[in-house]
Amino acid sequence: MKCCSQPSFCTILFASYNRIPTPVRHWLSSVIASVISRLYGSHNLDLNHLNLGLPDTTFFAQEIPFYLILGVLAGLLGILFNKGILESLAINRRLVRLSLPWRIGIAGLVSGLAIALLPAAFRDHAGLREILLAGSANWSFAAIALLVQFILIIFTYGSGAPGGLLVPTLALGAALGYLVGAVEHSLLGMSAATVYAHVGMAAFFSAVSKVPITAVVIVFEMTTDFNLVLPLMIASVVAYLVAEKIDHRSLYDLLLEWKGIHITKEPSTEGLLAQLSAVDVMQRRVETLSSQMSTDEAVQAFSHSHHRNFPVLENGKVVGIVTQKDLVNIASQQLGKDTTISEIMTPEPVTVNPTATLAHVLHILNRYHLSCLPVTEGRKLIGIITRSDIIRVEAEQLSGNSEQIERKSAPSYVVYQTRAPATGKGRLLVPLSHPQTAETLLEMAVAIAKDRNYEIECLQVIIVPSSRIPSETPVQISKSLQLFQRAILLGENSRIPVHTQIRGEQCDFVRYKR
């Protein structure tokens, strides 16, 4: 793809898109999909055939830049309007030492004098908006309306006079949209300025209140005109994004904060599952199997472990996962004894990053009906997390233990293993670690096993440093193999089955915090 030749731009664009709230991303995706489908599909962007009530409403592809400009201007002007409202309230609180009736009276006097010098249409916000929407004005009328109304609304609201801001913001948006529409009509002559006046109402209200979807719905309900849907979506979302980039708070949020009321909008982040990540509770010591291990050896590994799932590694990287169900299906598939795990495992298993929240981990577990998830960095296995781990953390939270240090039993993993025919009545475990004592232990074990018809299990445990991942730590087993070879020879001479096994094991303290 051509975009990949500029990774810095792609990265910035993707990161910016991810910061957009999910509803707005869906809305933005819908706009882009609709525009592209109409440009290159069976339809075009001339929506006149859909007109249900306003015959002058049109929308063409060439107008998209003008709606983008309208959205940017509405976003900037909306932020300026919000700041002006707060500054007007602050000035009245700090500097004007008058009672509320006096402040309202002065605001009414100044507004009355200003309106008296203007045409009669300026004496009613709703009437002014209707003039702009009906096309009974010109660009100079719209410019004066935008300037005068912008100043008077800020001035009167700061005085404490009772009144809302919905209708005034719609009037300001209509004036701004009319101005942009007048410019477009003079350059291209496609749509009337009244179309932009309708769109401007939604764009300005979206920037002020940070509710793009609500803004579109309000104007659509006023017009019931499907031709306006795409322009409304484009301008409203752009205005929202521009305003959100400058200040994420809406005018109503700012007014509440000015009055000392602070509302937390993200209560879900306080939950334990959203605070903790996979790395905080995962099991760092993981029992794994090699992709070249035979299925018989895998069966033995399952029989000696309480786990029901084993990640499969190849050169230290996760390549699959084997479950008990996979082993049960071996018989039905009629596979030979020399079959390796790589032939029955589930390749490319679902994994999670160590930074994934427990809420995300639980979602993945439920979505794919899993009992555990390998935790990886790239393809490098660093741990495993199960439903039991999440339940344990929640139980600790309910019991009031927000922090604990728990000593985990360190699951070991098979480094080397051989199996002899199982003909005895039981097994005698012989731990081998030192060559000087191994000979004596083996002779005693052979005598006991021969007397009781037992098999011999020779085991050597290699301790892995706590700072290393056991399954990826190289170990030296040459001396161990020599001891095992001696044990096998003694067993053959006495006709006693000898099994050998080398396991890597790590024991460490794991801390997790809330």
Side-chain angles (χ1 to χ4, degrees), residues 73-134 136-180 182 193 197 200-210 215 218 239 243 246-247 249-261:
L73 292 176
L76 297 175
L77 195 62
I79 289 296
L80 184 61
F81 180 79
N82 292 352
K83 301 295 184 182
I85 290 290
L86 288 183
E87 191 63 28
S88 178
L89 290 170
I91 291 174
N92 276 274
R93 172 181 286 183
R94 294 195 306 263
L95 303 180
V96 181
R97 304 297 182 181
L98 297 174
S99 62
L100 179 62
W102 277 101
R103 295 202 306 270
I104 294 177
I106 293 174
L109 176 62
V110 174
S111 300
L113 292 176
I115 296 298
L117 299 176
L118 297 172
F122 287 87
R123 298 172 189 174
D124 178 48
H125 286 163
L128 174 63
R129 189 181 72 250
E130 293 302 324
I131 291 175
L132 294 169
L133 297 179
S136 304
N138 52 40
W139 71 269
S140 59
F141 180 90
I144 296 173
L146 178 61
L147 178 62
V148 173
Q149 292 294 319
F150 190 89
I151 296 174
L152 290 181
I153 292 170
I154 292 176
F155 177 73
T156 55
Y157 192 87
S159 68
L165 293 171
L166 173 60
V167 173
T169 54
L170 294 179
L172 290 174
L176 177 63
Y178 194 96
L179 286 175
V180 176
M201 288 193 300
F204 191 79
F205 182 72
S206 174
V208 170
S209 303
K210 305 294 178 62
I218 288 176
I246 301 174
D247 190 344
R249 298 168 297 179
S250 70
L251 175 59
Y252 301 103
D253 293 331
L254 294 172
L255 291 175
L256 288 175
E257 292 179 7
W258 185 80
K259 296 178 181 179
I261 303 174

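Nothing fancy with the numbering, it's 1 onward along the sequence.
A distance of 4.5 Å separates CG in Leu89 from CH2 in Trp258, rounded to the nearest 0.5 Å. Here CH2 of Trp139 is found 8.5 Å from CD1 of Ile144. Values are rounded to the nearest 0.5 Å. Going from atom NZ of Lys210 over to atom CG of Leu254 covers 7.5 Å, rounded to the nearest 0.5 Å. With rounding to the nearest 0.5 Å, the separation of OG in Ser206 from CD1 in Ile218 is 10.0 Å. Remark: Phe205 CZ to Leu251 CG distance equals 9.5 Å, nearest 0.5 Å.
Every residue meeting the side chain to side chain contact (heavy atoms under 4.5 Å, CB included) condition with Ala193, not counting sequence neighbours, appears here in chain and number order: Tyr178. With sequence neighbours excluded, the residues satisfying side chain to side chain contact (heavy atoms under 4.5 Å, CB included) with Ala107 are Phe155, Thr156, Ser159. Evaluation of the side chain to side chain contact (heavy atoms under 4.5 Å, CB included) rule for Ala239 yields Ala74, Ala203, Ala207 as partners, not counting sequence neighbours. Every residue two or more places apart in sequence or in another chain that forms a side chain to side chain contact (heavy atoms under 4.5 Å, CB included) with Leu152 is listed here: Ser111, Ala114, Ile115, Val148. The ring pair (Phe, Tyr, Trp, His ring centres under 6.0 Å) search around Phe150 returns Phe81, not counting sequence neighbours.
Using a 4.5 Å cut-off on side-chain heavy atoms (C-beta onward), Leu77 and Leu80 make contact. The side-chain heavy atoms of Leu255 and Leu86, taken from C-beta on, include a pair separated by under 4.5 Å.
Heavy atoms only, all atoms of each residue included: Ile154 and Gly84 are closest at CG2-O, 3.2 Å.
For residues 74-84, every residue pair satisfying the salt bridge (Lys or Arg N to Asp or Glu O under 4.0 Å) rule, not counting sequence neighbours, is listed here: Lys83-Asp247.
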Validation: residues 164-172 side-chain donor-acceptor distances under 3.5 Å, sequence neighbours left out:
{"residue": "Thr169", "atom": "OG1", "partner": "Leu165", "partner atom": "O", "Å": "2.9"}
{"residue": "Thr169", "atom": "OG1", "partner": "Leu166", "partner atom": "O", "Å": "2.6"}

